[in-house]
Amino acid sequence: MGEDDDSHPSEMRLYKNIPQMSFDDTDREPDQTFSLNRDLTGELEYATKISRFSNVYHLSIHISKNFGADTTKVLYIGLRGEWTELRRHEVTICNYEASANPADHRVHQVTPQTHFIS
C-alpha cells in the first residue's frame, strides 16, 4: 500500500532464505516478481508460487520500482501464511577416509611362540 502519487511502489521482488542479503544481492534472480497496482486501501492481494515458497525461514522484499518519483513510499505490507516452528537438526560431525592412513591406526602384531620338544 502506498501514497496516491508516483511514489507508490510498482514492482516488488521476493527472495527467500538469504539471511544476510544486501542491496548488492538484488542483481540475482528473484524467487518471484510482482507488478503492483496502486492500492490506497490495502485490499489487493498477490499470491506467491506455492512450490517456491514452502519452507521459507527468511524473506527479503525488494521494492525495485515506483510509478516515476525519485523516492518510493511504502505505507503497509501485509503477509499471510502459516507459521511453523523451525526445527533445527543438530550438526553431525563425521570423518571419512578415502584411503586409510596407516599412521592413524595401531597394528597389533602377534609374535609366534617357538616350542621345543625334547
Side-chain angles (χ1 to χ4, degrees):
M1 189 169 101
E3 291 282 344
D4 189 18
D5 60 15
D6 289 343
S7 69
H8 191 290
S10 65
E11 185 178 83
M12 176 176 66
R13 301 168 64 181
L14 301 180
Y15 300 86
K16 71 172 191 171
N17 302 337
I18 309 171
Q20 301 298 323
M21 187 168 178
S22 70
F23 282 105
D24 294 333
D25 297 318
T26 60
D27 291 338
R28 68 176 23 175
E29 185 70 25
D31 290 291
Q32 190 165 355
T33 302
F34 294 100
S35 293
L36 305 176
N37 295 314
R38 292 180 194 260
D39 183 13
L40 305 178
T41 59
E43 295 177 1
L44 293 178
E45 293 184 10
Y46 299 91
T48 57
K49 297 174 185 172
I50 294 172
S51 62
R52 287 214 171 164
F53 288 93
S54 58
N55 297 319
V56 175
Y57 60 86
H58 191 278
L59 181 67
S60 297
I61 300 172
H62 177 225
I63 307 295
S64 52
K65 295 180 185 175
N66 63 24
F67 286 98
D70 290 336
T71 59
T72 301
K73 191 170 188 177
V74 177
L75 301 178
Y76 174 78
I77 297 175
L79 301 174
R80 290 180 59 187
E82 294 180 20
W83 178 84
T84 55
E85 185 175 349
L86 180 62
R87 295 185 182 153
R88 293 203 178 232
H89 159 6
E90 293 294 321
V91 176
T92 305
I93 300 173
C94 298
N95 292 322
Y96 296 96
E97 293 184 26
S99 62
N101 181 358
D104 291 340
H105 303 280
R106 291 185 187 176
V107 178
H108 299 286
Q109 292 183 349
V110 178
T111 54
Q113 294 180 348
T114 307
H115 295 281
F116 293 102
I117 301 176
S118 18

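This chain uses plain numbering: 1 for the first residue, then up along the sequence. Below, each value reflects all heavy atoms present in this structure, side chains not excepted, and no hydrogens, waters or symmetry copies.
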Check: What pairs meet the side-chain hydrogen bond (donor to acceptor under 3.5 Å, both in side chains) rule with one or both residues in residues 16-25, with sequence neighbours excluded?
Finding: none
Note to self: If the condition is side-chain hydrogen bond (donor to acceptor under 3.5 Å, both in side chains), which residues does D6 pass it with, not counting sequence neighbours?
What the structure shows: R38
Item checked: Partner set under side-chain hydrogen bond (donor to acceptor under 3.5 Å, both in side chains) for S64, not counting sequence neighbours -> E11
Notebook entry, point to check: Members other than Y15 in its cluster, when Ile, Leu, Val, Met, Phe, Trp, Tyr link by side-chain heavy atoms under 4.5 Å?
Noted result: I18, M21
Notebook entry, point to check: When clusters are formed from ILVMFWY side-chain contacts under 4.5 Å, directly or step by step, what else is grouped with L40?
Noted result: none
Sequence neighbours left out, cut at 3.5 Å: what donor-acceptor pairs do the side chains of residues 70-77 make with other protein atoms?
residue : atom : partner : partner atom : Å
T72     : OG1  : N66     : ND2          : 3.0
K73     : NZ   : E3      : OE2          : 3.3

Notebook entry, point to check: Taking only residues two or more places apart in sequence, or in another chain, which ones meet D5 in a salt bridge (charged side-chain N to carboxylate O under 4.0 Å, His left out)?
Noted result: none
Item checked: ring pair (Phe, Tyr, Trp, His ring centres under 6.0 Å) partners for F67, two or more places apart -> H8
Do any side-chain atoms of residues 41-53 form donor-acceptor pairs under 3.5 angstrom with protein atoms, and if so which ones, sequence neighbours left out?
residue : atom : partner : partner atom : Å
E45     : OE1  : R80     : NH1          : 2.9
E45     : OE2  : R80     : NH1          : 3.1
Y46     : OH   : N37     : N            : 2.9
R52     : NH1  : D31     : O            : 2.6

